[in-house]
Each structure stands twice: as structure tokens, then as C-alpha cells.
Asker: 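My structure is below; once you've seen it, I'll send some questions.
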Amino acid sequence: MRVEKYNSTMFKAKFVNFENVGKALKDRHGYSNQQVSFVKIDPFNSGDINALESASKCWVNDKFALNIYHVACALRNKSKYYKGHEVYALTSQSANYENIKDDDILGLIQVSPLEDKSMFIERFQVDPDLVNSMQPKFKGIGTAILNMLKQMNDKISCFPSPEKSVKDFYIKNGFKKSPDEINYYVWQKNSSQV
């Protein structure tokens with residue numbers, strides 16, 4: 001009798017890399033380094049889609065999570081309008097990526113490729129509870145996500161939302177405003193930037 005080996009692994013979020021963020025100490029007087037996971041969402045995995053949907057419904061006062069969820073659904077449906085787009089999540093999970101838990105998602109980002117092979121940030125959302133809390137359980141989520149993208153591409157650009165705090169966040173993370181555009185910010189590895 002011949003027994004064939006095959007991989008029965010279901011589609012799942014793909015682990016990209018670990019990154020460190022700050023996690024509040026039990027006494028809430030400071031933060032310690034906490035390793036978190038940056039994963040690429042698999043739009044063909046219903047578990048990933050369900051986790052995005054749940055996060056988008058639970059994140060009160062978010063701006064982009066619902067849109068990111070809809071893009072993941074469009075990718076699943078092979079929409080020509082989102083060709084090359086990718087969705088990533090930063091999660092406090094350290095394993096079991098085939099079962100992304102919505103409660104562990106700390107932030108989401110949707111990116112697309114530009115003609116010059118650089119990466120464009122379409123939408124970026126950190127869990128609003130972490131952003132709006134005076135003493136969040138985790139801090140540095142947005143910077144951790146950008147750090148992961150910087151490892152993946154030599155040039156990243158975006159049109160940030162108009163709030164000063166958002167623009168300051170990008171500037172703090174090495175992005176520079178393009179002198180030729182009204183609201184276009186660019187980060188480039190090892191260059192004088194735009």
C-alpha cells in the first residue's frame with residue numbers, strides 16, 4: 001500500500017517577523033519590552049477575514065479598520081481594483097497564526113505597490129483603545145508596524161490624514177514631506193529622501 005504525504009495546512013496568516021513594543025508593567029509605572037508578531041493576512045483564510053471583521057466592529061472610533069477588512073474581502077474575491085495590495089497585522093500572539101485572535105490584533109495596515117516598486121500606505125489603523133488611552137496596555141504599535149515595512153522595502157510613501165499628530169508621527173519615524181506635493185510623505189532607506 002502506498003501512502004502519500006501531503007501538506008494539510010490550511011491557508012493562514014503568514015508570520016513575517018517579530019518586533020518589540022512597550023507593554024505596561026503590572027503596576028502601570030512604566031513599560032517593558034514585549035515581543036509581538038507582524039503577520040501578513042491571508043485573504044483566503046476565513047479565520048483571518050473573521051478576525052479582521054470582528055476587530056473592525058469592536059474598535060470604537062477607528063477610521064480605517066472597516067476599510068481594511070473590506071479590502072481583504074476584495075482580495076479574497078480577486079478584485080482587479082486591489083491587485084498587488086496586501087494587508088498586515090501586528091498581533092500580541094507569538095504562535096498559532098492559523099488562528100488569529102481579534103482581541104490580540106494591535107494594529108492593521110493596507111499597502112499597495114507603486115510603479116517604481118516602492119510601497120504605498122493606503123490605510124493604517126492602530127487599535128483606538130491603545131491610541132486614546134492615557135496609559136495604554138501597549139505602546140509603540142504604529143512605529144513597530146512601520147519598522148516592519150522598512151525591512152520589506154527601501155521606499156515607503158503615504159498621504160497621511162490631516163491631523164497634526166498623524167503627520168508628526170510619520171516625521172518622527174523618518175518620513176519627510178515632499179516639497180512638490182501638498183500632503184505626500186516619503187521614507188527612503190539610506191538616502192537623503194525627498
Asker: Inspect the surroundings of NZ in Lys150 and state if more than 12 heavy atoms from other residues, nucleotides or ligands are less than 6.0 Å away.
Answerer: yes
Asker: Using 0.5 Å steps for rounding, measure from the OG atom of Ser157 to the CD atom of Glu181.
Answerer: 10.0 Å
Asker: What distance separates Lys40 NZ from Ile109 CD1, expressed to the nearest 0.5 Å?
Answerer: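 So the NZ of Lys40 and the CD1 of Ile109 are separated by 14.0 Å.
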Asker: Under the side chain to side chain contact (heavy atoms under 4.5 Å, CB included) rule, what do Met152 and Val111 come out as? Steps first, then yes or no, please.
Answerer: CA-CA 12 Å; Met152 298 166 60; Val111 296; over 6 Å; no
Asker: Just wondering, more than 12 heavy atoms not from Asn61 lying within 6.0 Å of its CG?
Answerer: no
Asker: With sequence neighbours excluded, give me every ring-ring contact (aromatic ring centres under 6.0 Å, His included) pair touching residues 61-96.
Answerer: Phe38-Tyr88, Tyr82-His85
Asker: Give a yes or no on whether Ile182 atom CD1 has more than 12 heavy-atom contacts from other residues, nucleotides or ligands under 6.0 Å away.
Answerer: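 Incorrect, the count does not exceed 12.
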Asker: Can you tell if the side chain of Glu122 reaches within under 4.5 Å of the side chain of Asn67, non-hydrogen atoms only?
Answerer: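 Not in contact.
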Asker: What's the shortest heavy-atom distance between Pro113 and Gly84, and which atoms?
Answerer: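 Result for this residue pair: CD-O, 3.2 Å.
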Asker: Which is it for Lys172 and Thr143 under the side chain to side chain contact (heavy atoms under 4.5 Å, CB included) test, yes or no, and what are the steps along the way?
Answerer: CA-CA 9 Å; Lys172 178 185 96 172; Thr143 296; 3.8 Å; yes
Asker: After noting the C-alpha distance and the side-chain angles of Ile121 and Leu149, does the key distance pass the side chain to side chain contact (heavy atoms under 4.5 Å, CB included) rule?
Answerer: CA-CA 10 Å; Ile121 297 172; Leu149 295 183; 4.2 Å; yes
Asker: Between side-chain atoms of residues 128-136 and protein atoms elsewhere (two or more places apart, or another chain), which donor-acceptor pairs fall under 3.5 Å?
Answerer:
from   : atom 1 : to     : atom 2 : distance (Å)
Asn132 : ND2    : Pro128 : O      : 3.1
Ser133 : OG     : Gln135 : N      : 3.2
Ser133 : OG     : Gln135 : O      : 3.4

Asker: Cluster question for you: counting only ILVMFWY and a side-chain heavy-atom cut-off of under 4.5 Å, with indirect links fine, are Ile141 and Tyr31 together?
Answerer: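 No, because Ile141 and Tyr31 fall into different hydrophobic clusters, even though each may have its own neighbours under 4.5 Å.
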Asker: Is there a side chain to side chain contact (heavy atoms under 4.5 Å, CB included) between Trp187 and Leu146? Walk through the geometry before answering.
Answerer: CA-CA 10 Å; Trp187 172 86; Leu146 288 181; over 6 Å; no
Asker: Does anything in residues 132-166 pair up under ring-ring contact (aromatic ring centres under 6.0 Å, His included), and if so which pairs, sequence neighbours excluded?
Answerer: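 Of all non-adjacent pairs touching residues 132-166, those that pass ring-ring contact (aromatic ring centres under 6.0 Å, His included) are Phe120-Phe159, Phe159-Tyr184.
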Asker: Is it true that Ser118 and Asp116 share a donor-acceptor pair across their side chains at a distance under 3.5 Å?
Answerer: yes
Asker: Answer with yes or no whether the side chains of Thr91 and Asp104 bring together a donor and an acceptor at under 3.5 Å.
Answerer: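 No, Thr91 and Asp104 have no side-chain donor paired with an acceptor closer than 3.5 Å.
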Asker: What's the spacing between Leu90 CG and Asp127 CG if we round to 0.5 Å?
Answerer: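 So the CG of Leu90 and the CG of Asp127 are separated by 11.0 Å.
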Asker: Is the side chain of Asp27 donor-acceptor paired with the backbone N or O of His29 at a distance under 3.5 Å, no angle test?
Answerer: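 At least one qualifying donor-acceptor pair exists.
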Asker: Please round to the nearest 0.5 Å and tell me the distance separating atom CG of Asn33 and atom CD of Glu19.
Answerer: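 Between Asn33 CG and Glu19 CD, I get 9.5 Å after rounding to 0.5 Å.
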Asker: Quick one: does Asp48's side chain have a donor or acceptor within less than 3.5 Å of a partner on Asp42's backbone?
Answerer: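 Such a contact is found between Asp48 side chain and Asp42 backbone.
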Asker: Taking all non-hydrogen atoms of both residues, which atom of Lys117 and which atom of Asn153 are closest, and how far apart?
Answerer: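 Shortest heavy-atom contact: O-ND2, 3.2 Å.
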Asker: Could you tell me the separation between the CZ atom of Arg123 and the CG atom of Leu66, rounded to the nearest 0.5 Å?
Answerer: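 Between atom CZ of Arg123 and atom CG of Leu66 there are 10.0 Å.
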Asker: So, do Ile49 and Cys73 sit near enough that their side-chain heavy atoms are less than 4.5 Å apart?
Answerer: yes
Asker: Which atom names give the shortest non-hydrogen contact between Ala51 and Asp102, and what distance separates them?
Answerer: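 Scanning both residues, the minimum pair turns out to be O-CB, 3.4 Å.
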Asker: Compare every heavy atom of Ser37 with every heavy atom of Gln93, then report the nearest pair and how far apart it is.
Answerer: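 Gln93 and Ser37 have their closest heavy atoms at O-OG, 2.6 Å.
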Asker: Any idea how Tyr185 and Tyr170 line up, ring-wise: parallel (<30°), tilted (30 to 60°), or perpendicular (>60°)?
Answerer: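 Aromatic pair Tyr185/Tyr170 classed tilted.
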Asker: Does the pair Glu163/Lys63 count as a salt bridge with the N-to-O cut at 4.0 Å?
Answerer: yes
Asker: Measure the spacing between CG of Leu106 and OG of Ser92 and express it to the nearest 0.5 Å.
Answerer: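 So the gap between those two atoms works out to 5.0 Å.
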